Amino acid sequence: MKRLNNGEIWKDTDGNDIHAHGGCIIFHDGYYYWYGEDRRADHYVSCYRSKDLASWEFRNWILGSGSQVKEYRVKTRLSLLNPDGTKVNIERPKVLFNEKTGRFVMWAHFENGKDYKDAQVAIASCDTPDGNFTYHGSFNPYGFMSRDCTLFKDEDGTAYFISAARDNADLHVYRLTDDYMNVDKLVNRLWQGEYREAPAVFKHKNTYYMLSSYCTGWAPNQCKYARADRMDGKWSMLKDIGDETTYDSQAAFVLTPGDRIFYFGDRWGGNGDKYFESSYVVYELAFKDERLEMIFSEYADIGWRENNELRSN
Ligand code: DGJ
């Protein structure tokens with residue numbers, strides 16, 4: 001099995017650096033698909049795929065400044081470039097497969113790349129996991145600011161979008177419409193005034209867990225987690241997990257293949273200025289006396305194992 005060292009820029013099967021920060025992994029038709037930020041040239045979001053979570057084959061730049069654009073609702077801002085022709089920023093892209101429409105839907109954080117004042121969510125979709133996604137524009141859900149974000153799909157297909165609102169002070173939970181193309185209801189405003197970002201959600205034995213960081217730009221800080229019986233129910237207080245820098249990382253997402261729980265994080269390079277030196281870490285999460293713990297490791301122990309059911313949320 002190929003060993004992926006934490007804190008290194010991992011390579012794809014062609015030997016090229018993997019550019020997939022702040023992203024997510026979904027499982028579909030026998031493959032894991034890894035989506036993430038690609039800030040090079042005209043690209044925004046890359047897609048890689050793997051059968052074993054260790055060897056990653058580059059598939060496509062699924063969203064870029066030249067992507068096809070198609071409006072699906074009024075009041076979205078459709079451009080993937082600034083008025084002066086420069087690139088915008090598409091951050092923390094998350095993708096879900098919608099069983100009803102057969103489409104893969106992406107939600108991501110949209111900023112103009114200059115002043116971090118747009119605080120919008122961007123949406124794109126495609127009929128294949130690694131095809132060219134069509135861009136549907138960016139907007140403020142119910143008028144709220146929307147920055148660091150994630151998606152969570154429940155077992156019954158209900159999906160939720162979680163994003164930082166009110167200049168990052170609050171974390172909002174929105175239930176999505178059946179086609180995942182819009183927000184349907186704001187169901188929770190969590191930890192108001194706590195300034196949580198980098199949310200990551202998973203479900204374990206009928207309980208929902210959410211990890212998040214504090215807001216310190218690109219510098220790592222203490223990850224905290226909370227639990228709830230329902231996404232739209234009461235969430236617990238925040239508890240520390242990992243050490244004070246989350247072992248030098250910030251959450252991207254959590255993957256739950258079989259009965260294991262893996263935290264995927266970014267080890268950001270410098271203070272944004274060294275973005276391209278950013279690398280990846282994976283730490284296993286486990287329960288000890290009801291408490292969730294993060295297990296530090298020098299390498300990502302995510303390779304395929306015999307009898308491991310390959311699936312993710
Ligand atoms: C932390 C966020 O989690 C990142 O996605 C990025 O937006 C940086 N802040 C920018 O400061």
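As the structure lists them, so they are numbered: ligands from 1, and atoms in each ligand from 1. Note that the structure is predicted; figures quoted are calculated from it, not measured. Just the heavy atoms: all of them, side chains too, but no hydrogens, waters or symmetry mates, feed the values below.
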I'd like the atom pairs linking ligand 1 to the protein - N or O on both sides, separation under 3.5 Å - with distances to 0.1 Å.
{"unit_1": "ligand 1", "atom_1": "3 (O)", "unit_2": "R92", "atom_2": "NE", "d": "3.4"}
{"unit_1": "ligand 1", "atom_1": "3 (O)", "unit_2": "R92", "atom_2": "NH2", "d": "2.9"}
{"unit_1": "ligand 1", "atom_1": "3 (O)", "unit_2": "D148", "atom_2": "OD1", "d": "3.4"}
{"unit_1": "ligand 1", "atom_1": "3 (O)", "unit_2": "D148", "atom_2": "OD2", "d": "2.4"}
{"unit_1": "ligand 1", "atom_1": "3 (O)", "unit_2": "Q250", "atom_2": "OE1", "d": "3.2"}
{"unit_1": "ligand 1", "atom_1": "3 (O)", "unit_2": "Q250", "atom_2": "NE2", "d": "3.1"}
{"unit_1": "ligand 1", "atom_1": "5 (O)", "unit_2": "R92", "atom_2": "NE", "d": "3.0"}
{"unit_1": "ligand 1", "atom_1": "7 (O)", "unit_2": "E91", "atom_2": "OE1", "d": "2.8"}
{"unit_1": "ligand 1", "atom_1": "7 (O)", "unit_2": "Y116", "atom_2": "OH", "d": "3.1"}
{"unit_1": "ligand 1", "atom_1": "9 (N)", "unit_2": "G217", "atom_2": "O", "d": "3.2"}
{"unit_1": "ligand 1", "atom_1": "11 (O)", "unit_2": "W218", "atom_2": "NE1", "d": "3.4"}

Grouping ILVMFWY residues whenever side-chain heavy atoms fall under 4.5 Å, the cluster of W218 otherwise contains W268, Y275, F276
Would one find more than 12 heavy atoms of other residues, nucleotides or ligands at under 6.0 Å from atom CG of D17?
yes
Going from CG on L96 to CZ on F104, what distance comes out if it is rounded to the nearest 0.5 angstrom?
10.5 Å
In this structure, is the centre-to-centre distance between the rings of W56 and W10 below 6.0 Å?
no
Regarding R227 and T207, do their side chains bring together a donor and an acceptor under 3.5 Å, going by distance alone?
no
Could you tell me if N60 and N132 have a donor-acceptor pair between their side chains, going purely by distance under 3.5 Å?
yes
